[in-house]
Amino acid sequence: QVQLVESGGGLVQAGGSLRLSCAASGSIFSINAMGWYRQAPGKNRELVAAFISGGGTNYADSVKGRFTISRDNTKTRNTVYLQMNSLKLEDTAVYYCHARELRVGVPYDYWGQGTQVTVSS
């Protein structure tokens, strides 16, 4: 199993920056995808940015050029970061860390508890 612990988030003015962190522990060697999703009030959860199987990255069109995902993997912990620059009002949402573990070819999805990002005018 995989445990996810998020940090970061908060209140920032439009145009400002925030950095989110997500530390994964447990069966980290089985993780083949890890990243961030967000959910705004009344909307579906959507992908923000993620490392995908094969080592590439995937970004939502709405954050390209403003957000950057990075990672730091050790023997006991995988950490992904989301650097968010030039924040807009529409970036306000609860941000969730996600990890997908493959066990004998079967995917298992894990979610963090969520962290609130609020962008004010």
Side-chain angles (χ1 to χ4, degrees):
Q1 293 215 340
V2 174
Q3 294 79 44
L4 300 175
V5 178
E6 302 164 352
S7 60
L11 175 65
V12 65
Q13 286 191 323
S17 299
L18 281 175
R19 189 172 89 150
L20 306 181
S21 301
C22 176
S25 58
S27 302
I28 60 172
F29 296 106
S30 303
I31 294 174
N32 77 332
M34 190 168 172
W36 293 92
Y37 287 69
R38 68 186 179 187
Q39 188 166 17
K43 295 189 176 181
N44 293 329
R45 191 172 296 189
E46 63 175 1
L47 171 73
V48 178
F51 288 101
I52 58 177
S53 176
T57 55
N58 194 16
Y59 287 89
D61 288 342
S62 59
V63 307
K64 285 180 181 177
R66 299 188 298 121
F67 291 10
T68 302
I69 191 169
S70 61
R71 61 184 170 184
D72 179 20
N73 293 345
T74 69
K75 290 182 179 179
T76 58
R77 182 170 295 181
N78 289 356
T79 305
V80 292
Y81 304 94
L82 185 67
Q83 179 65 43
M84 305 184 291
N85 298 327
S86 302
L87 283 159
K88 303 177 179 180
L89 297 179
E90 52 264 40
D91 295 318
T92 295
V94 178
Y95 284 69
Y96 296 92
C97 181
H98 168 262
R100 174 162 289 176
E101 178 194 10
L102 275 184
R103 273 185 257 160
V104 199
V106 178
Y108 293 84
D109 291 311
Y110 299 90
W111 296 93
Q113 76 276 13
T115 185
Q116 178 71 45
V117 171
T118 302
V119 183
S120 65
S121 59

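Numbers here simply count residues along the sequence, with the first being 1. Model, not experiment: these values are computed from the prediction. Side chains included, hydrogens not; waters and symmetry mates left out as well; all remaining heavy atoms used.
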Chemist: Measuring from L18:CG to M84:CE, what's the distance to the nearest 0.5 Å?
Modeler: 4.5 Å

Chemist: Could you report the tightest heavy-atom contact between L4 and C97, atom names first, then the distance?
Modeler: CD1-O, 3.7 Å

Chemist: Taking atom types as modelled and ignoring hydrogens, do the side chains of T118 and Q116 form a donor-acceptor contact shorter than 3.5 angstrom?
Modeler: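 Yes - a donor-acceptor pair under 3.5 Å links their side chains.
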
Chemist: Go through the steps for Y96 and R45 under the test side-chain contact (heavy atoms from CB on, under 4.5 Å), then give the verdict.
Modeler: CA-CA 9 Å; Y96 296 92; R45 191 172 296 189; 3.4 Å; yes

Chemist: How far apart are the closest heavy atoms of G114 and E6, and which atoms are they?
Modeler: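 Heavy atoms only, the tightest pair is N-OE1, 2.7 Å.
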
Chemist: Can a salt bridge be assigned to the pair D91 and K88 using a cut-off of 4.0 Å between side-chain N and carboxylate O?
Modeler: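 Answer for the salt bridge query: no.
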
Chemist: Quick one: side chain to side chain contact (heavy atoms under 4.5 Å, CB included) partners of S86, sequence neighbours excluded?
Modeler: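 Result, side chain to side chain contact (heavy atoms under 4.5 Å, CB included) vs S86: R66.
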
Chemist: Can you name the one residue among Y110, W111, Y95 that meets ring pair (Phe, Tyr, Trp, His ring centres under 6.0 Å) with Y37?
Modeler: W111

Chemist: Looking at CD1 of I28 and CG of N73, how far apart are the two atoms once the value is rounded to the nearest 0.5 Å?
Modeler: 7.0 Å

Chemist: For a side-chain contact (heavy atoms from CB on, under 4.5 Å) check, start with the C-alpha distance between I31 and R100, then their side-chain angles and the critical distance, and finish with the verdict.
Modeler: CA-CA 6 Å; I31 294 174; R100 174 162 289 176; 6.0 Å; no

Chemist: Enter the distance from S21:OG to D72:CG here, rounded to the nearest 0.5 Å.
Modeler: 10.0 Å

Chemist: Is it true that N44 and E46 share a donor-acceptor pair across their side chains at a distance under 3.5 Å?
Modeler: no

Chemist: With a sphere of 6.0 Å drawn around CD of Q1, does it hold more than 12 non-hydrogen atoms of other residues, nucleotides or ligands?
Modeler: no

Chemist: Taking CD in Q113 as the centre, count heavy atoms belonging to other residues, nucleotides or ligands within less than 6.0 Å. Is the count above 12?
Modeler: yes

Chemist: Give, for atom CZ of R19 and atom OG of S70, the distance between the pair rounded to the nearest 0.5 Å.
Modeler: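 So the gap between those two atoms works out to 6.5 Å.
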
Chemist: What's the shortest heavy-atom distance between L89 and S121, and which atoms?
Modeler: CD2-N, 3.6 Å

Chemist: Taking the six-membered ring of F51, is the NZ or CZ of R71 close enough (under 6.0 Å from the centre) and on axis enough (within 45°)?
Modeler: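 Ring-cation test returns yes.
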
Chemist: Distance check, rounded to the nearest 0.5 Å: I52 atom CD1 versus N58 atom CG?
Modeler: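 Reported to 0.5 Å precision, the distance equals 5.5 Å.
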
Chemist: Answer whether the closest heavy-atom distance between the side chains of W36 and L47 falls below 4.5 Å.
Modeler: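 W36 does not reach L47 side chain to side chain.
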
Chemist: On a heavy-atom basis, which atom in A24 and which in V2 lie closest, and how many Å separate them?
Modeler: CB-CG1, 4.1 Å

Chemist: Check whether Y59 reaches the backbone of I69 with its side chain - one donor and one acceptor, N or O, closer than 3.5 Å.
Modeler: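 Answer holds: yes.
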
Chemist: Which heavy atom of R38 sits nearest a heavy atom of A93, and at what distance?
Modeler: CB-CB, 3.9 Å

Chemist: If only side-chain N and O atoms count, and only distance matters, is there a donor-acceptor pair under 3.5 Å linking S17 with N85?
Modeler: yes

Chemist: Test side-chain contact (heavy atoms from CB on, under 4.5 Å) on L11 and S120 and set out the steps.
Modeler: CA-CA 7 Å; L11 175 65; S120 65; 4.1 Å; yes

Chemist: Taking it one step at a time, do L82 and V80 satisfy side-chain contact (heavy atoms from CB on, under 4.5 Å)?
Modeler: CA-CA 7 Å; L82 185 67; V80 292; over 6 Å; no

Chemist: Rounded to the nearest 0.5 Å, what separates atom OG in S25 from atom CZ in R77?
Modeler: 6.0 Å

